[in-house]
Each structure stands twice: as structure tokens, then as C-alpha cells.
Amino acid sequence: MNILFNETTKTFHLFNEDISYLMTVLRNGQIGHLYFGKKIHHKEDFSYLLETAYRPMTSYVFEDDRQFSLEHIKQEYGLYGTTDFRHPAVEIQQANGSTVSDFQYKDYEIMEGKPKLAGLPATYTESSKEALTLIIRLEDPLTHVILELSYTIFARGGIIARSARITNGGDSDIQLTRAMSLCLDLPDCDYEWIQFSGAWSRERHMKVRRMEQGITAIDSIRGNSSHNHNPFIVLQRPGTKEEQGEAIGFSLIYSGNFLAQAQVDAHDVTRVLLGIHPSHFSWKLDPGQSFQTPEAVMVYSCQGLGTMSRTFHNLYRKRLARGYWRDRERPILNNNWEATYFDFTEEKLVSIAAKAKECGVELFVLDDGWFGERSDDHAGLGDWVPNLTRLPGGIAGLAQKIEDMDMKFGLWFEPEMVNKDSDLYRSHPDWIIRTPGRHTSHGRSQYVLDFSRNEVVDCIYQMMAKLLTEAKISYIKWDMNRSITECYSAALPPDRQGEVFHRYILGVYDLYERLTAAFPHVLFESCASGGGRFDPGMLYYAPQGWASDDSDAVERLKIQYGTSFCYPISSIGSHVSVVPNHQVYRNTPLHTRANVAYFGTFGYELDLNKLTEKEQEAVKSQIAFMKKYRRLIQFGDFYRLSSPFEKNVTAWMCVSRDKRQAIIGWYRVLNGVNQPYSRLRLHGLLPDMPYRILVDGIERKERCWGDELMYLGLVTSDGTSGEVPTDIVPPCDFDSRIYLLEAVEEKGERT
């Protein structure tokens with residue numbers, strides 16, 4: 001890992017064993033981009049990579065040079081209006097109304113490790129030897145606005161973390177109207193764009209399209225990163241697969257409005273922009289004030305999408321998630337929501353918890369309905385005090401009863417929301433986000449509290465902290481069930497209303513920061529009607545998130561498969577729920593529901609008392625299996641083997657770090673008859689090590705070497721290959737199997 005600067009050629013080279021990143025100071029003082037990709041040898045002069053030429057209908061920067069046009073030069077942080085007509089990375093409205101800027105190179109700084117971003121989630125280091133950070137400073141000579149571009153390269157992996165900081169060094173106020181976290185100009189457009197999109201209950205479905213001239217983009221202007229689009233995209237070369245080919249992943253560590261865009265110009269240069277969405281955004285900077293963009297992370301892989309994903313997994317699991325639970329196996333929980341909804345008493349909850357304890361569950365979670373006058377979704381939000389009619393002993397009393405069962409207790413909150421039928425709203429009707437004189441829309445009969453105001457965040461913190469202090473609460477499910485409409489804050493002047501969306505998210509981060517600091521042993525799980533805010537910003541505070549409100553095992557194949565492209569398995573909240581499923585009304589076998597949910601945090605979303613005795617015994621076995629192998633699943637290396645977006649069979653696997661154990665999940669949506677024989681090529685094993693194979697706990701007679709399993713494949717043929725035999729358990733729709741591989745020491749040498 002190194003960062004080198006050539007004073008003569010004014011060229012920066014960031015590199016480690018995997019990647020190189022090259023930049024240069026251009027003739028006009030801006031920073032030009034030269035290369036990002038597989039590591040190349042360092043040399044003193046890379047100037048030949050900067051190509052210029054005369055082109056008709058082009059504007060030029062210098063009177064004496066009819067070749068230097070920013071329209072045709074790859075840049076690090078593009079500006080509109082000074083010969084570049086592409087979408088810019090930054091735009092500043094000045095006192096005279098102009099939006100033209102001219103940031104010229106001033107100096108640079110290289111530091112060990114990685115500085116924190118004040119008030120924002122970001123990746124971090126625990127040792128100064130883990131990363132190097134380059135900060136390039138530029139200044140506009142007219143306005144004296146200072147632009148700092150930050151680049152962190154980690155010691156291992158194809159990772160570059162980027163952000164920008166804009167400081168008003170002038171004498172007049174300015175309005176920042178666009179400030180992207182990342183701008184990358186790639187030399188061609190021979191890419192396929194991958195996004196992860198959907199809607200409530202079908203989040204993060206993989207969508208692929210070919211790059212062409214024009215703009216390809218995903219975004220959110222909902223106030224949250226959204227169910228519709230995840231703030232993560234991939235550009236891959238055609239033909240790239242899981243374990244071969246080039247890919248670049250772009251991930252934004254932010255939970256609010258975002259834009260991810262790739263613009264291909266008339267000469268096939270691809271400009272990637274990632275950051276806060278400029279629509280409905282502006283930020284007033286008084287003299288001396290600064291604005292820090294969120295962090296964006298780029299990961300380059302020349303060994304396929306799988307390597308890219310595992311790089312993100314390792315980084316986000318170890319250097320984005322923080323705290324007590326970062327490296328710990330997640331407790332197996334039982335949540336009461338789909339078991340009772342609002343219809344519960346303390347006696348009923350204790351009964352559900354007792355059966356869960358009998359089956360081996362470690363954490364009981366009380367969901368919505370425990371507070372204020374809350375008997376449905378029309379009242380109570382904002383009044384975070386126990387309803388003593390339902391819970392005579394309050395939360396402290398119920399929590400103690402659960403603790404006395406030798407289980408931990410968890411609690412649901414939705415701290416960002418309020419119902420009009422609540423004491424909080426009656427006391428502070430001006431605390432919601434709404435536009436004066438306009439109709440105020442609702443979602444789920446609730447309204448969004450104005451978290452851009454410190455006094456609102458303070459009030460919610462005090463109520464939550466009081467409960468966490470008084471009761472034995474080990475887990476919090478933090479929900480958020482609507483997007484922002486009529487965005488306006490009564491506490492801000494007219495020229496700062498463009499700041500509300502971002503200030504809101506900063507308020508959410510502030511509340512998370514204060515709670516996680518005050519209660520470091522509490523496990524936080526983020527939720528936003530499931531996957532509406534499943535993003536890296538949340539992962540910084542909550543090491544796991546409820547991936548989707550849809551807990552149907554078949555639907556979860558696509559949701560969890562898509563999620564795995566960026567997010568570690570330890571972050572994916574996944575539960576076994578009742579059938580018929582409450583979202584799609586599908587009946588799936590109990591073993592398949594568990595086999596899907598294993599590949600995440602694992603838990604149950606039902607009343608185990610209502611299962612048959614045989615089903616309860618199956619649940620006990622499932623929990624015992626998960627307890628034995630959850631470290632391997634949650635912290636091992638994850639490989640995708642067969643895509644639910646392409647095939648009837650989905651498969652994935654987790655491999656231990658020493659490669660001596662592996663668990664494969666195999667899922668078939670629809671049954672068949674007289675089907676072909678089937679094999680599944682595995683990855684990540686030791687080629688010269690034999691493995692014993694267990695299928696749903698039953699050991700096969702044969703031993704298979706690692707190279708055989710990876711190159712020939714694991715035999716997965718079953719009764720569907722031909723006519724179904726009558727002497728076996730017949731295969732069915734929505735079937736699944738778990739394969740366990742364990743390395744064994746064979747006597748004698750391999751030939």
C-alpha cells in the first residue's frame with residue numbers, strides 16, 4: 001500500500017497489491033483522472049494517458065490551445081460550464097447568481113489511517129497501518145471556496161473510499177446546490193450496469209442492462225434510501241461471472257436521498273456520479289462554514305462479482321459495523337408481530353416466550369403496540385411510555401419475566417414518527433415535517449417528526465434512554481414506516497429549506513450515535529417497513545437490518561441473493577414465519593423456511609405454541625443446527641452458486657476462513673419429473689483436501705476432494721431425475737436441502 005506523488009509530472013499513484021489509481025494535475029489546475037483498475041507497475045511519468053485532440057463544435061479553455069477541452073478530458077470532480085457539458089460533481093450558486101466554479105490545485109496531504117467524518121457514518125481503521133488517506137486541496141481563485149477531495153486506499157482489497165469537503169473561504173454567503181461524494185470518468189462504455197431495485201416486499205432484485213450513450217440512473221427523493229432502489233450499483237464487463245471478469249462496485253454510505261448515475265458521452269467516456277441527490281437539496285454556507293459529503297466506496301475486482309462482494313462483506317462487517325456486536329454471533333430470536341399483531345396481553349406474550357425458550361430461542365422481542373394508547377396504527381406513536389393496561393408491570397416487569405426464563409428481551413420502537421392522536425403531537429404540533437398553508441399527507445396514519453431540530457431528537461432520546469435504563473432491554477428493533485412528504489421545517493429560514501432532507505438524516509444518525517454510545521451492549525436492528533432503509537449508513541449504527549417485511553421463503557431467495565452483492569450475511573435479518581405466509585399466502589415446507597433463514601441472523605416470526613409437536617421438534621433441531629454453525633454462516637466467506645433470477649434452482653454457500661468447513665443452501669422452487677441429472681460447482685474449498693458430505697444431516701458414503709467438488713461439482717440429483725421412487729420422501733414444490741462439508745484427514749497420499 002502506498003501513495004506516491006511526482007512533483008515534476010504532478011501525478012498521484014495510489015496502489016496496493018490489488019489495484020492502482022492514477023490522477024494528475026491538469027494544465028488548468030483541475031485534477032484529471034488517468035486510471036483505476038488492476039495494479040500496474042509504478043513509473044515516473046504517466047502523462048501519455050492524458051489524451052487531447054481538436055474536435056469540431058468543442059469549446060476550449062486556453063486561447064493558444066485548441067485541444068484542451070474539459071468536455072473530452074477525464075476528471076476527478078467535474079465542473080459544468082467551463083467547456084465541460086456533462087453533469088457535474090459540484091455546483092455552487094454565488095452571490096451574483098453565477099454557478100460557474102474553477103477549482104485549481106493548491107496542495108495535498110498524505111496521512112496514515114483514515115480520519116473520521118464528523119456526524120456521518122463511514123468506514124474506519126483501528127490501526128494506522130490499515131490504510132493511507134490522500135487529501136487534495138483545490139481553491140477557486142475568485143470565490144475562495146476550498147474543495148478537499150479525500151481518497152483512502154486500504155492495505156488489502158480493491159477498495160477506494162472517497163468523499164469531498166467544501167469550505168466557504170470567501171466573504172459572501174454561497175448556496176451549495178450539488179455536492180457528490182464520487183465522480184469517476186472511465187475511458188469507455190463497454191459495461192453492463194447492475195442495480196438492485198424493487199418495492200416493498202420485493203426489495204433488491206437484480207436488474208442488468210447494457211450501457212449506451214445517455215444517462216442510466218437510480219435514485220431516491222423519498223427522504224430514505226428506499227425499497228425502490230438500493231444506493232449500490234455495479235459496472236461489469238460483458239461476460240463477467242461470479243468468479244471471473246472485471247467489475248466495479250459503487251456503494252454510498254448514506255440513508256437519505258441519493259443519486260447513482262452513469263452518463264455515457266458521445267465519445268463513449270462513462271462518468272459515474274454517486275452522492276446526495278441534487279434535487280431538493282441546497283446548503284447555505286456562511287463564510288468559514290464547511291459541508292462534508294457522505295462517503296462513497298468503490299471496489300474493483302478482476303476476479304468476478306464474487307470477489308467484489310466478499311471485499312464489501314469483509315470491509316462492511318469489520319470496518320463499517322462497530323461495537324460490541326460487530327464480531328459476535330447473533331442471538332436467535334422470536335418476534336411476536338406476526339404471531340399477535342396488536343392483539344396481545346402480557347400473559348399471551350409470556351406464553352409465547354416460554355415455548356420459544358423450550359425450543360432453544362435466546363431472545364424474545366416485543367414488537368408494536370406496547371406503548372401509549374396504541375391498539376392499532378392510528379394512535380400512540382411518539383408516546384414511548386408503557387401501556388400499563390396491557391402490561392401491568394410495564395416494560396421493566398415484562399423484561400424481568402423474560403430474563404427469569406434465562407432469555408434476553410428486545411423491544412420495538414419507531415422513534416422518528418408520531419400519530420396526531422398522541423400526547424407528543426398534542427403538546428408539539430409544530431414538531432412534524434409539513435409545509436405551511438399546504439395539505440399535510442400521512443402514511444400509515446402517521447407523520448414524520450422533524451429530526452432536523454435538536455429539541456425533537458433530544459425529546460425522543462430522553463424517552464428511549466429512560467426505558468433502556470429502567471428495563472433489561474438487550475435488543476432494539478428500530479422501525480421507520482413512511483417516507484417524507486411536504487418537506488419543510490418550521491425551525492429553518494427560507495434560504496435553508498433545501499437543507500431539511502439532509503439535516504433530518506443527520507438527526508437520525510445523531511440519535512443512533514447517542515443511544516449506541518450510552519447503551520453499548522444493546523443490539524440494534526434497523527428496519528424501515530423491512531428494506532426501505534437497508535443501506536451502509538444504517539449498518540454503521542445497527543450491525544443488522546430487517547431485510548424485508550416479506551418473510552416468504554421463496555420470495556426471500558431473490559431478496560437475500562440480491563442483498564448479498566454488497567452486504568454481509570451477518571447484516572441480513574431473516575426469520576421463519578407461519579404459513580400460509582402473511583405477505584404472499586404461500587405454503588412452504590418448514591424445512592425450506594429455515595434453510596433460507598439460516599443465511600442471515602435467523603429467528604422466528606410466529607407463535608411456536610401453534611405448531612404441531614412434530615413441527616416443534618423440527619424447530620428445536622433447526623435452532624440447534626444454527627447455534628452450531630452460525631459463526632461459519634455469519635462470518636465465513638459467502639459464494640453465490642446459482643441465481644434465482646435465472647434458474648429454478650438457487651444455491652449459495654458459506655466457507656470457513658480455514659476452508660475446512662462449508663455449508664451449502666440448495667433451493668428448488670418448482671418440482672419436476674424425469675429431470676436431467678444435476679451437479680453444483682462449488683467454490684472456496686481446499687483443492688487437495690478430502691471432504692465428507694452430509695445432506696440434511698445424513699452422511700454420504702463417498703468422500704470428495706476439494707478440486708472434484710469445485711471442478712466436477714457436487715452431485716445434487718434427486719428423485720426428480722427419472723420417475724420418483726416410492727421408497728423415499730417425495731420431492732415437492734419449494735423444496736430445499738442443506739449440504740455440510742467437513743474436511744477429513746485421509747490415510748495415505750493422494751495420487
Side-chain angles (χ1 to χ4, degrees), residues 14-22 33 35-40 74 123 153-154 156-162 181-197 204-212 216-218 229-253 260-264 268-274 296-317 536 561-569 637-646 652-653 681 683-684:
L14 296 74
F15 61 92
N16 60 21
E17 289 301 313
D18 297 294
I19 55 170
S20 284
Y21 196 99
L22 290 167
H33 177 76
Y35 174 74
F36 176 44
K38 187 173 173 61
K39 181 189 175 183
I40 59 174
K74 294 179 284 295
T123 57
I153 183 167
F154 287 80
R156 291 185 290 180
I159 308 164
I160 299 285
R162 294 182 56 178
S181 299
L182 172 154
C183 175
L184 180 67
D185 286 351
L186 296 167
D188 62 74
C189 67
D190 190 22
Y191 290 100
E192 292 172 334
W193 161 287
I194 307 177
Q195 66 190 59
F196 299 87
S197 302
R204 292 175 298 286
H205 283 207
M206 183 180 180
K207 313 284 185 180
V208 184
R209 71 188 77 170
R210 183 68 189 243
M211 294 296 299
E212 299 285 355
T216 304
I218 56 169
H229 301 294
N230 199 259
F232 170 67
I233 60 169
V234 180
L235 294 185
Q236 68 172 12
R237 295 296 191 185
T240 294
K241 304 296 183 183
E242 281 294 323
E243 304 304 323
Q244 65 183 38
E246 280 191 307
I248 308 174
F250 300 87
S251 174
L252 184 65
I253 304 178
Q261 174 179 299
Q263 180 180 9
V264 178
D268 290 347
V269 171
T270 301
R271 170 168 290 181
V272 179
L273 293 172
L274 184 61
V297 176
M298 306 186 298
V299 169
Y300 170 83
S301 167
C302 63
Q303 296 176 311
L305 294 166
T307 295
M308 179 205 71
S309 293
R310 288 185 290 277
T311 301
F312 272 115
H313 294 177
N314 291 333
L315 178 68
Y316 282 0
R317 187 173 56 230
Y561 190 93
T563 302
S564 75
F565 276 82
C566 183
Y567 302 98
I569 302 306
D637 292 326
F638 184 77
Y639 294 83
R640 292 178 295 270
L641 305 176
S642 181
S643 170
F645 300 105
E646 299 173 356
W652 50 49
M653 66 185 292
R681 288 189 175 185
H683 296 291

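Salt-bridge formation is detected for the pair E243/R310: a Lys NZ or Arg NE/NH1/NH2 atom is positioned less than 4.0 Å from an Asp or Glu carboxylate oxygen. A salt bridge does not link D18 with K39: every distance from a Lys NZ or Arg NE/NH1/NH2 to an Asp or Glu carboxylate oxygen is 4.0 Å or more.
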Between L235 and W193, is the side-chain contact (heavy atoms from CB on, under 4.5 Å) condition met? List the steps. CA-CA 5 Å; L235 294 185; W193 161 287; 4.0 Å; yes
I would like to know whether L186 and I248 meet side-chain contact (heavy atoms from CB on, under 4.5 Å); could you show each step before the answer? CA-CA 11 Å; L186 296 167; I248 308 174; 4.2 Å; yes
Test log, rule side-chain contact (heavy atoms from CB on, under 4.5 Å), inputs F312 and V297: CA-CA 9 Å; F312 272 115; V297 176; 3.9 Å; yes
Assess the residue pair L273 and Q263 against the criterion (side-chain contact (heavy atoms from CB on, under 4.5 Å)); give the C-alpha distance rounded to whole Å, side-chain angles, the decisive distance to 0.1 Å, and a yes or no. CA-CA 8 Å; L273 293 172; Q263 180 180 9; 5.7 Å; no
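Between G684 and Y639, the shortest heavy-atom distance links the atoms CA-OH, 3.4 Å. Of all the heavy atoms in R210 and P238, the pair that sits closest is NH1-CG, 3.7 Å. Across every non-hydrogen atom of A161 and F154, the tightest pair is CB-CE1, 4.4 Å. For I160 against R162, the heavy-atom pair with the smallest separation is CG2-CG, 3.7 Å. Between M211 and T270, the shortest heavy-atom contact is CE-CG2, 4.3 Å. Nearest heavy atoms, R271 versus D185: NE-OD1, 2.8 Å.
Counted by atom type alone, Q195 and R209 present one or more donor-acceptor pairs between their side chains at under 3.5 Å. Of the N and O atoms on the side chains of R640 and S564, at least one donor lies less than 3.5 Å from an acceptor on the other residue.
Of the possible polar contacts, none joining the S309 side chain to the C566 backbone as a donor-acceptor pair under 3.5 Å is found. Between the side chain of N16 and the backbone N or O of G157, at least one donor-acceptor pair lies under 3.5 Å. Using a distance-only test at 3.5 Å, with no hydrogens or angles considered, a donor-acceptor pair links the side chain of T240 to the main chain of E246.
For the atom pair CD1 (I40) and CD1 (I19), the distance works out to 11.5 Å, reported to the nearest 0.5 Å. Expressed to the nearest 0.5 Å, how far CD of Q261 lies from SG of C183 amounts to 10.0 Å. Rounded to the nearest 0.5 Å, atoms CG (L641) and CD (E242) are 8.0 Å apart. If you take CG on L274 and CZ on F250, they are separated by 8.5 Å, rounding to the nearest 0.5 Å. Within the model, atoms OH of Y567 and CZ of F232 stand 7.5 Å from one another, a figure rounded to the nearest 0.5 Å. Here CE of M206 is found 5.5 Å from CZ of F196. Values are rounded to the nearest 0.5 Å.
Atom CZ of R156 sits in a sparse spot, with 12 or fewer heavy atoms from other residues, nucleotides or ligands closer than 6.0 Å.
In this structure, H205 and F645 have perpendicular ring planes: the angle between them is above 60°, well past the 30° mark.
Between Q236 and I194, some side-chain heavy-atom pair lies under the 4.5 Å cut-off.
The aromatic ring centres of H33 and Y21 sit less than 6.0 Å apart.
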